[in-house]
> 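Before we start, here is the structure in question, set down as structure tokens.
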Amino acid sequence: MDAQQTAGPAAEMWVCELGLVPYREALAMQQQVSVRRQREQLPDTLLLVEHPPVYTRGRRAAEAELPRGEGFYRARGIEVLDTDRGGRVTYHGPGQLVGYPIMRIADVGAYLRAMEAAIVCALAQEGVHARSRCAEGPDYTGVWVAERKIASIGVHVSRGVSTHGFAINVDNDLEPFSWVIACGLQSVAMTSLARELPAGGALDAQRFRARVARAFCAAHGRRPLALDAAALLSRQSARTRGRTLPASRPGGTAARADATQEIAIGAAAGSAPDPGARA
């Protein structure tokens, strides 16, 4: 049974934009939400964030993947942190879209493939043809444009609930990837949505966030509900704090659905409290 089958087609997924959040604080929030999800106090939830510059080392990371030494990275304002997610070393920075789905899953492999498919779908709506390379081994988990990597994925599952998730390069500095052995691949070439947009295409980061959120929810048969961080961490019903977001439909209706979701998600992000504040 895959993640979609466990919830049913009518289930909601909460979508909460947090803005720019230090990695440690986002991790603490994931842990809070995860405990409440394990206790069935919350529905499945997708946190959307950006991070200040940081390298994170997954469970399979090796010391050699940070060849210049931690002093080099810290001198350039980049933290180096260990984490319990799967995968190897990756970089997060402003302009990158990071998604942390905190949801009950039954099949980790199916969950990873659904995540890749959702990102591929959102990129296709921007005119970028991307693909999964999962058949080539675990180090190729993620999303690729030709031979260039545009999205990294690493998850952790505890008591049937996932944390961590995906990072999509939207318009972030790619040079820090070249200072490490990113994803454990010696010669990996990283790219971004800004670099891959077709000629004449305009980057709209808010629109892309909305498309990623909707595509991820659709991959699991969910209806997205935008809400702010205060509502997320309270015990009140999301129905009193958020707005149900429409599913995508073919043709002109899809454009209207995009616009509605952008407004809902943007409103949630704009009303969120200072991410440095404790809930």
> In chain order, what residues pass the side-chain hydrogen bond (donor to acceptor under 3.5 Å, both in side chains) check against Thr191, with sequence neighbours excluded?
Glu196
> Between Thr56 and Tyr23, is there a side-chain donor-acceptor contact under 3.5 Å, judged purely by atom types and distance?
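There is no such pair between these side chains.
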> Tell me every residue that passes side chain to side chain contact (heavy atoms under 4.5 Å, CB included) with Ala124, counting only those two or more places apart in sequence or in another chain.
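Counting only residues at least two positions away or on another chain, Ala124 forms no side chain to side chain contact (heavy atoms under 4.5 Å, CB included).
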> Can you sort out the partners of Tyr91 under side-chain hydrogen bond (donor to acceptor under 3.5 Å, both in side chains), two or more places apart, ordered by chain and number?
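Not a single residue meets the side-chain hydrogen bond (donor to acceptor under 3.5 Å, both in side chains) criterion with Tyr91.
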> Do the side chains of Leu47 and Met29 get nearer than 4.5 Å, heavy atoms only?
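In short, these two side chains touch, coming nearer than 4.5 Å.
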> Under the side-chain hydrogen bond (donor to acceptor under 3.5 Å, both in side chains) rule, collect the residues that match up with Asn172, sequence neighbours excluded.
Asn169
> Using side chain to side chain contact (heavy atoms under 4.5 Å, CB included) as the criterion, list what pairs up with Val120, not counting sequence neighbours.
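Partners of Val120 under the side chain to side chain contact (heavy atoms under 4.5 Å, CB included) test: Ala130, Val143.
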> Please identify each residue that fulfils side-chain hydrogen bond (donor to acceptor under 3.5 Å, both in side chains) with Glu175, with sequence neighbours left out.
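Testing Glu175 for side-chain hydrogen bond (donor to acceptor under 3.5 Å, both in side chains), a comparison that skips the adjacent residues, returns none.
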> Would you please say whether a donor-acceptor pair under 3.5 Å links the side chains of Arg214 and Gln125?
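Their side chains do contain a donor-acceptor pair, which is all the 3.5 Å distance test asks for.
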> Any salt bridge (Lys or Arg N to Asp or Glu O under 4.0 Å) involving residues 116-129? Give me the pairs, sequence neighbours left out, ordered by first then second residue.
Arg113-Glu116, Glu126-Arg207, Glu126-Arg211
> Quick check: closest heavy atoms across Ser34 and Val161, and the distance to 0.1 Å?
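Minimum heavy-atom contact is OG-CG1, 3.9 Å.
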> Please check this pair: side chain of Arg222 against backbone of His220, looking for a donor-acceptor N/O pair closer than 3.5 Å.
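Yes.
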> Just jot down the salt bridge (Lys or Arg N to Asp or Glu O under 4.0 Å) partners of Arg133, sequence neighbours excluded, or say none.
Glu136, Glu147
> Would you call the rings of Phe216 and Phe166 parallel, tilted or perpendicular if under 30° counts as parallel and over 60° as perpendicular?
tilted
> For a quick test of your reading: what N or O donor-acceptor pairs under 3.5 Å do the side chains of residues 71-79 make, sequence neighbours left out?
| residue | atom | partner | partner atom | Å |
| --- | --- | --- | --- | --- |
| Tyr73 | OH | Arg68 | N | 3.1 |
| Tyr73 | OH | Trp179 | O | 2.7 |
| Arg74 | NH1 | Glu70 | OE1 | 2.5 |
| Arg74 | NH2 | Glu70 | OE1 | 3.1 |
| Arg74 | NH2 | Val80 | O | 3.3 |
| Arg76 | NH1 | Phe72 | O | 2.9 |

